[in-house]
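What follows is one structure encoded as structure tokens, with my remarks underneath.
The figures here come from the full heavy-atom set of this structure, side chains too, leaving out hydrogens, waters and symmetry mates.
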Amino acid sequence: MESIGTLAGGIAHDFNSILSAIIGFAELARDEAPKGSEQEENLAEVFAAGNRAKDLVKQILAFARKSDETMTPVRFGNVIEDVLKLLRPSTPSTIEVVSEINCNSPVMGNSSQLHQVVLNLCTNAIHSMHEKGGTLQLTLHDVILKDKPVRLDNTQITDHYIELKITDNGPGIDAAVVENIFEPYFTTKAVGEGAGMGLAMVKGIIETYGGDVSVISTARETIFTVHLPVAATRVSNTYNEQTIAKGGTERLLVVDDEAALARMTARMLEGLGYRVTVQTNSLEALEVFKGSPDQFDLVITDMTMPSLTGDGLATQMRLIRPGIPVIICTGYSRTMDEAEALELGINALAYKPVSKVDFAKTIRDVLESA
Ligand SMILES: Nc1ncnc2c1ncn2[C@@H]1O[C@H](COP(=O)(O)OP(=O)(O)O)[C@@H](O)[C@H]1O
Ligand SMILES: [Mg+2]
């Protein structure tokens, strides 16, 4: 993914060469213009404006370089541990720091930006307790936010988030201003103590990553809650080999118009113990299903098929047997919007090529939650 920083940097570079040409030719034309003429004066203005623009570009370039925004999967628990280590020496002894990290999930982001998020929330919390002391409490765990599926990239969406809660027992945020605290330059601190940019930056970063931040504050405690989508990490092959695919004995209907692929899937699933029926024509598959809808526990269907596509098939089957679990397999070329799939009530989307371990897990998850 291209970050804003690199993007700005790239544009600034291009712009710089264009400006060099403008400045160069303006200078040339100015020198050739009759001395003291209006033409010479106008070209001198172009030359000067060009130089001012060049200074601005230089600033943008410096900024882009500084804000290295490389995105990588980052274990959020590690970020918290690092920040707490950093804060420990400067935290007054009247403030107890308690952390409860119950998740190992990675989020997609820039680690220094993620550090800044946690650091800012913690310094605010510590600041609020600097007079009376108290407890700074951080908890981190995994949550599923069913109503918040977020697109991770072009191929995947997730409702799996990490949830960070930062709690302090400071005097809280005045109800009259709680709406404003995320605004840039909003601060209740003395001049020189706070610039009011902390929470604005926190919100900006979190929202860029598809998450959200919210606050609940009373006179006894203040809780900031951060949600960030868990990164979809592809399991490496070596890891796959070490992981045991869990099977079952349920009855599966596999529908794929590519006969070879359908056979391969069937063999793989039979190897896991399932009883598999294969159909290579979606209309026929629907007929088979209509004949005895209760003979299957799960339908696994390809998306792109002639006559009746996977989502259409799923909809038809659902009319016959509303609760039938359906997994749709789809290639990377998008033919279906994932949000749409969720709306249709598709239990899971599997992306081709599906690895045995991942597929086995998806199937178990769907069967067990059905
Ligand atoms: N944990 C907290 N307890 C009480 N007030 C808070 C807390 N966190 C933020 N605030 C309020 O939000 C304001 C804005 O915070 P922030 O954007 O970080 O800027 P700054 O810390 O520079 O004031 C703070 O001035 C303070 O009034
Ligand atoms: Mg702050």
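- Between Phe289 and Phe296, the two ring planes are parallel [angle under 30°; tilted spans 30° to 60°].
- Side-chain atoms of Lys165 and Thr139 include no donor-acceptor pair closer than 3.5 Å.
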Please output the side-chain donor-acceptor pairs of residues 198-206 that fall under 3.5 Å, not counting sequence neighbours, one pair per line with the distance.
unit_1	atom_1	unit_2	atom_2	d
Lys203	NZ	Glu207	OE2	2.9

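- By the 6.0 Å contact criterion, CD on Glu131 is open, its count of non-hydrogen atoms from other residues, nucleotides or ligands being 12 or less.
- Taking every heavy atom of both residues into account, Val326 and Arg318 meet most closely at N-NH2, 3.7 Å.
- Between Asp257 and Pro306, the closest heavy-atom pair is OD2-CD, 3.4 Å.
- Panel note: side chain Arg30, backbone Phe47; no donor-acceptor pair is recorded below 3.5 Å.
- In this structure, the side chains of Leu43 and Glu45 stay at 4.5 Å or more apart for every pair of heavy atoms.
- A salt bridge is absent between Glu270 and Arg267; no separation between the charged side-chain nitrogens and carboxylate oxygens falls under 4.0 Å.
- The main-chain N or O of Thr123 is never found under 3.5 Å from a side-chain atom of His127 such that the two would form a donor-acceptor pair.
- Of all heavy-atom pairs spanning Thr280 and Ala262, the tightest one is CG2-CB, 4.3 Å.
- In this structure, CG in Asn347 is found 7.5 Å from CG in Leu298, a value given to the nearest 0.5 Å.
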Next on the checklist: Using side chain to side chain contact (heavy atoms under 4.5 Å, CB included), reason through Asn120 and Val118 one step at a time and then give a plain yes or no.
Outcome noted: CA-CA 6 Å; Asn120 270 283; Val118 180; over 6 Å; no

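- Remark: Ile216 CD1 is loosely packed, at most 12 non-hydrogen atoms of other residues, nucleotides or ligands lying under 6.0 Å away.
- Checked by atom type and distance alone, the side chain of Glu40 pairs as donor or acceptor with a backbone atom of Gly36 at under 3.5 Å.
- Side-chain contact between Asp256 and Val278: absent, with no pair of heavy atoms (C-beta onward) separated by less than 4.5 Å.
- Residues passing the side chain to side chain donor-acceptor pair (under 3.5 Å) test with Glu368, sequence neighbours excluded: Arg364.
- Ile101 approaches Gly77 most closely through the heavy-atom pair CD1-O, 3.7 Å.
- Listed by first then second residue, pairs satisfying side chain to side chain donor-acceptor pair (under 3.5 Å) with a partner in residues 84-96 number zero, not counting sequence neighbours.
- When atom types are taken as modelled, the side chain of Tyr161 and the backbone of Val226 share no donor-acceptor pair closer than 3.5 angstrom.
- Contacts classified as side chain to side chain donor-acceptor pair (under 3.5 Å) and involving residues 211-221 (residues at least two apart or in different chains) are given here: Lys148-Asp212, Asp212-His227, Ser217-Thr222.
- In this structure a side-chain-to-backbone donor-acceptor pair under 3.5 Å is present from Arg321 to Pro293.
- A distance of 12.5 Å separates CE of Met108 from CG of Leu228, quoted to the nearest 0.5 Å.
- To the nearest 0.5 Å, the span separating CG on Leu138 from OG1 on Thr167 amounts to 8.0 Å.
- Partners of Glu284 by side-chain contact (heavy atoms from CB on, under 4.5 Å), not counting sequence neighbours, listed by chain and number: Gln279, Asn281.
- A distance-only check finds a donor-acceptor pair linking the side chain of Ser282 to the backbone of Leu308 [under 3.5 Å].
- To the nearest 0.5 Å, atoms CD1 (Ile363) and CG (Leu252) are separated by 6.0 Å.
- Under the rule for a side chain to side chain donor-acceptor pair (under 3.5 Å), the partners of Asn124 that lie at least two apart in sequence or sit in another chain are Lys189.
- Using a 4.5 Å cut-off on side-chain heavy atoms (C-beta onward), Tyr274 and Asp297 make no contact.
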Next on the checklist: Under the criterion side chain to side chain donor-acceptor pair (under 3.5 Å), I'd like the reasoning laid out for Ser105 against Asp142: C-alpha separation, chi angles, the key distance, then a yes or no.
Outcome noted: CA-CA 7 Å; Ser105 302; Asp142 291 284; 2.5 Å; yes

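- Contact record, Cys122 with Ile166: SG-CD1, 4.2 Å, taken as the closest heavy-atom pair.
- Of the possible donor and acceptor atoms, none in the side chain of Asp302 sits under 3.5 Å from a partner among the backbone N and O of Val255.
- In plain terms, the two heavy atoms of Ser37 and Pro34 that are nearest each other are OG-O, 2.7 Å.
- Annotation for Glu183: atom CD counts as buried by contact number, over 12 foreign heavy atoms lying within 6.0 Å.
- In this structure, the side chain of Arg75 engages the main chain of Asn104 through a donor-acceptor pair within 3.5 Å.
- Atom CG in Asn51 sits 11.5 Å away from atom CD1 in Ile22 (nearest 0.5 Å).
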